[in-house]
Every structure is written in C-alpha cells, then in structure tokens.
Amino acid sequence: MSDATIEVQFKPKYFTAKKLLPLLLALAVIIVDQVTKILITENIPLYGLGGSFFGDFLRIIHVNNPGIAFSIGQGWSIAVRSILFRAIPLIVLIVVLGVYMRNDDFSSLQRWSISGIAGGGFGNLIDRFFRTEGVVDFIDVKWFGIEKSPFKFLRWERWPTFNIADAAVVVCGILLIISFVITMKKTQNKGGAE
C-alpha cells in the first residue's frame, strides 16, 4: 500500500458571475410577465378590450389559452395537456438550465438569450400550473391580412394573442440563433485561416 496521496481541487466553476448575472434576466421576465398578467386579470374582463393604440394596430385584451402557441391543443384532455404542456416543458427547462450552468463555452449573448428563453418558459409554466383556465394572453397585434396569399398565416387579420413570456421566448430565441450563426462563422473563419 502506498502513502502517496492524490490532491483534488474543487473549482466552483458552475456558479461564476458570467453565468449567474444573465439569470437576472430570467427573473425579470418572470416578474414582469406575472405582474402584467395580474394587472390584466384584475382590470380587464375576460375577452374584454383594455385599450387600443395606433388605431387598432396594438390592442390590450384579456384571453386565456389552455393550449400552447397558436392555441394548439386547447381541445385536448386535461391529462394529455398536463403531460405535454406542464411536465415535458418543466423537464426541458431544467435540462437547459443544467447545460447552461455546466457549459463554459457559451458566449455572453448566448447566456443572456438562454436566460430570456428560460424566463419566458417559466413565466408560462407558472400559469399552466396555477391558473386552471390556462395561460393569460393580452397583447393583440394587427397582422398582414393578405387575402390571396398561399400562406395561411399571411391571411390572418391579427397575430395570435401573446404575452410578455411569449415575447421573451421569441426575441431571445432569434438572438440565440443569430449568436450561434455568428459563432459558427467565426469558427469556420479560424479553421480556414490555419
């Protein structure tokens, strides 16, 4: 038996400022999302109009969505919706945050984008777990309404109603995609220069 010892150092790399600071965006999205939903539910009756801006381009209304994006699944059974719209998204968000904390290669923009997406995801999950009527949506925007378009979504008069959490997921998702494209281009350019 040897008296040699192996020295093990613990490097607390999972909880660095560059990883924790962007999580404030997730917290801010959750707070703003939930506060706006409370204001809507307490001040605008269901299916009521709270206000119109820029003519009827932007309207604040109160609707509930028991489904997901574009009201997909709103007619499905509660059991199916619980699994698909509560359990699976919760597991995905936990996995995403686990990867986020363990990965040291994400750029700053990627970290902030992932945090915004997570905040939006948790904001809507709060509704799915604690509001029996579904997710509160309230931002209603005029859309193209091109009657002869071959694409159905271009024929819509209004975009499907959404909320702050949805907006955070979409905006941060777009930023995340752009950041990955930029990172891939930089990697390709470095590989080509060698």
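This structure is a prediction, so every number in the text was calculated from the model and none was measured. Start at 1 with the first residue, then count along the sequence.
Exactly one residue among I31, V32, D33 makes a side chain to side chain contact (heavy atoms under 4.5 Å, CB included) with V35. That residue is I31.
Side-chain contact between R111 and L25: absent, with no pair of heavy atoms (C-beta onward) separated by less than 4.5 Å. The shortest side-chain heavy-atom distance between V141 and F57 falls under the 4.5 Å cut-off. Contact of the M101 side chain with the L23 side chain is registered, since non-hydrogen atoms from C-beta on lie closer than 4.5 Å. Side chains of T183 and Q110 form a contact here, defined as non-hydrogen atoms less than 4.5 Å apart. Side-chain contact check for F106 versus W112: every heavy-atom pair is 4.5 Å or farther apart. Here the side chains of F162 and N65 are not in contact, with every heavy-atom distance at 4.5 Å or above.
Look at D104 and K19 and you find a salt bridge, because one of the NZ, NE, NH1 or NH2 atoms lies within 4.0 Å of a carboxylate O, short of that distance.
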message: Determine whether I164 and I139 satisfy the following criterion, side chain to side chain contact (heavy atoms under 4.5 Å, CB included), listing intermediate values before the conclusion.
response: CA-CA 8 Å; I164 300 296; I139 303 170; 4.2 Å; yes
message: L97 vs F122, test: side chain to side chain contact (heavy atoms under 4.5 Å, CB included). Steps then yes/no.
response: CA-CA 11 Å; L97 288 176; F122 280 116; 3.5 Å; yes
field: Worked verdict on D127 versus N64 for side chain to side chain contact (heavy atoms under 4.5 Å, CB included)
entry: CA-CA 10 Å; D127 283 18; N64 294 324; over 6 Å; no
message: Between D166 and N163, is the side chain to side chain contact (heavy atoms under 4.5 Å, CB included) condition met? List the steps.
response: CA-CA 5 Å; D166 298 331; N163 57 45; 3.3 Å; yes
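Looking only at distances, a side-chain donor or acceptor of S115 sits under 3.5 Å from a matching main-chain atom of P22. The backbone N or O of A87 lies less than 3.5 Å from no partner atom in the side chain of R128, so there is not a single donor-acceptor pair.
Pairs of residues two or more places apart, or lying in two chains, that qualify as side-chain hydrogen bond (donor to acceptor under 3.5 Å, both in side chains) and include a residue from residues 43-63 are R59-D140.
If you chain together hydrophobic residues whose side chains sit under 4.5 Å apart, V92 and I126 fall into the same group. The hydrophobic cluster containing F130 also contains L125, counting ILVMFWY residues as joined when their side-chain heavy atoms lie under 4.5 angstrom apart, directly or transitively. Hydrophobic clustering places V99 together with L90 (ILVMFWY residues linked when any side-chain heavy atoms are closer than 4.5 Å, directly or through intermediates). V169 and F180 end up in different hydrophobic clusters when Ile, Leu, Val, Met, Phe, Trp and Tyr side chains are linked at under 4.5 Å. Under the 4.5 Å side-chain heavy-atom criterion for ILVMFWY residues, no single connected hydrophobic cluster contains both I114 and I177.
Minimum interatomic distance between R158 and K142 (heavy atoms only, all atoms of both residues): NH2-N, 3.4 Å. The two residues I44 and G50 have their closest heavy-atom pair at CD1-CA, 3.5 Å. The two residues I117 and C172 have their closest heavy-atom pair at CG1-CB, 3.7 Å. For T161 against F138, the heavy-atom pair with the smallest separation is CG2-N, 3.5 Å. Minimum heavy-atom separation, G120 to A165: O-CB, 3.2 Å.
The structure places CD1 of I61 at 10.0 Å from CG of L46, a figure rounded to the nearest 0.5 Å. Note that CG of L176 is 5.0 Å distant from OG of S113, once rounded to the nearest 0.5 Å.
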